[in-house]
Amino acid sequence: MTVMEFLEDRLGNIVFQAVFIIAASVFLLVTGTEAGILLLLFVIWFLFFVGIQTAAFFRYRSRLRELQNIMDGLDEKYLFAECVPKAGNVYETKLFDLSRRAGKAMIGAVSDARAAQREYREYVESWIHEIKTPITAAGLICRNANPEVRWKLSRELAQVEAHVERALFYARAESPEKDFFIRQTHLADLVDEAILQYRMLLMQSGIRIETGNMEQTVYTDGKWVIFIIGQLLQNAARYRGDDALVTLSAGRCGKQVWLTVCDNGIGIPAHEISRVWERGFTGSNGRSRGGSTGMGLYLCRRLADCLEIGTEITSEIGRGTKVTLIFPAKTGLKDRNNITNAVNTANLTNP
């Protein structure tokens with residue numbers, strides 16, 4: 001609390017006191033009181049009034065600082081009303097009582113919302129696992145169709161399965177700590193698995209894949225990383241150009257490993273680069289080509305953040321896009337010094 005804030009809060013009282021003393025002075029003058037006595041009374045009143053207001057200011061400021069320190073020290077801010085010391089007056093007691101009642105109501109509402117969210121997440125996960133069975137069955141059935149129909153059905157089923165997988169990871173991202181498991185993994189195995197999962201889409205899109213220097217070891221959750229790489233491959237297929245090529249390369253800088261996924265597609269406008277990680281952002285390319293949900297890169301960033309994987313993206317219209325994943329070291333996960341320089345000096349193909 002500042003002095004100005006205190007004076008603004010007490011402005012009504014100050015004005016009342018000033019009006020009262022002026023009225024009293026006029027009355028005393030009319031009744032014959034000497035001016036010297038009035039001046040003495042005014043000085044005594046002014047000093048008394050200023051002293052009371054000064055003491056109140058320091059008392060209130062000290063109290064607010066005490067409450068602020070309590071709030072800053074709480075991890076669960078909504079428990080503030082339960083942790084404050086004994087109130088200094090009746091007004092404060094009543095105010096904190098109302099705050100406690102409001103806090104209890106909020107805690108109950110949050111608990112109910114979390115329970116409902118947990119139930120919905122469990123239902124979505126159950127539904128996703130159940131829907132995979134008919135998708136697999138449909139894939140087996142379409143093998144008996146003629147080649148042209150089988151080709152089209154396989155492509156559509158691959159799209160359905162990709163959307164289902166995206167929904168599953170979106171549900172899991174709500175409580176990531178319950179799902180991922182960090183362990184030592186070979187990066188080449190993760191890349192090969194991602195390419196294998198999306199081989200049908202890549203083949204039908206006419207995309208060539210090139211990999212290099214994949215003999216790296218990372219500490220991460222393989223299942224989540226495969227999903228992230230898969231989303232990048234899907235984007236490369238959706239926004240491909242002529243003679244489509246995707247290059248996956250890896251390298252090491254100190255204890256950290258980076259993986260780049262480069263394509264020679266249509267690229268992303270410069271003014272949209274900063275927004276591609278946002279939830280639901282489709283951009284001009286998504287609107288022009290259709291089929292974009294704006295959830296792929298959003299989930300990539302969200303899952304990468306949970307795994308402490310750094311994400312960087314660069315793009316140029318007509319030349320393509322490059323996404324870099326920076327895997328944390330086994331120790332010192334937050335140290336990402338010199339990674340960008342290492343990537344830029346690796347002479348990777350920048351479409």
Side-chain angles (χ1 to χ4, degrees), residues 1-2 5 9 60-132 162-183 220-225 227-228 231 274-282 292-311 328 333-334:
M1 173 183 282
T2 64
E5 290 174 338
D9 182 64
Y60 288 156
R61 189 177 68 170
S62 176
R63 178 63 170 174
L64 288 175
R65 286 180 176 176
E66 179 185 16
L67 297 177
Q68 183 66 49
N69 290 333
I70 293 174
M71 173 66 79
D72 293 341
L74 289 174
D75 293 330
E76 306 295 342
K77 306 298 184 184
Y78 56 84
L79 296 176
F80 170 74
E82 303 293 335
C83 301
V84 294
K86 184 178 179 180
N89 51 56
V90 175
Y91 174 79
E92 205 175 76
T93 301
K94 296 294 183 182
L95 184 62
F96 285 148
D97 182 59
L98 292 174
S99 298
R100 290 187 185 95
R101 290 165 60 185
K104 290 179 180 179
M106 184 199 67
I107 292 172
V110 170
S111 298
D112 293 341
R114 287 179 175 175
Q117 184 182 44
R118 183 171 58 254
E119 292 176 0
Y120 180 74
R121 174 179 178 270
E122 292 173 353
Y123 168 75
V124 170
E125 290 187 1
S126 174
W127 179 86
I128 289 172
H129 288 300
E130 291 176 1
I131 202 65
K132 284 185 176 182
H163 285 301
V164 169
E165 193 74 7
R166 192 177 296 118
L168 175 61
F169 276 90
Y170 182 81
R172 288 175 173 173
E174 297 298 323
S175 302
E177 70 282 351
K178 298 180 180 179
D179 188 68
F180 73 80
F181 177 70
I182 304 297
R183 63 179 179 180
T220 189
D221 183 284
K223 180 172 57 177
W224 285 31
V225 172
F227 173 81
I228 293 173
Q231 295 304 299
S274 61
R275 300 190 59 194
V276 296
W277 305 110
E278 295 179 7
R279 182 177 181 269
F281 180 74
T282 57
S292 175
T293 62
M295 297 299 294
L297 288 181
Y298 164 75
L299 282 175
C300 287
R301 168 63 72 84
R302 185 165 182 177
L303 298 180
D305 287 344
C306 293
L307 297 172
E308 297 191 19
I309 297 176
T311 52
L333 297 180
K334 292 296 184 180

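The chain is numbered in sequence order, starting from 1. Heavy atoms only: backbone and side chains are in, while hydrogens, waters and symmetry mates are out.
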Checklist entry - Any side-chain heavy atom of F227 sitting closer than 4.5 Å to one from L299? => result yes

Note: L307 and W224 closest approach over all heavy atoms is CD1-CB, 3.8 Å

Here the gap from R183 atom CZ to T220 atom OG1, rounded to the nearest 0.5 Å, amounts to 10.5 Å

Looking only at heavy atoms, the pair that brings G280 and M295 closest together is N-SD, 4.1 Å

Interatomic distance, CD1@I228 vs CZ@R302, rounded to 0.5 Å, equals 12.5 Å

Separation between CZ (R301) and SG (C306), nearest 0.5 Å, reads 12.0 Å

query: Side chains of I309 and L303: does their closest heavy-atom pair fall under 4.5 Å?
result: no

One should read off an interatomic distance between L64 CG and N69 CG, to the nearest 0.5 angstrom, of 11.0 Å

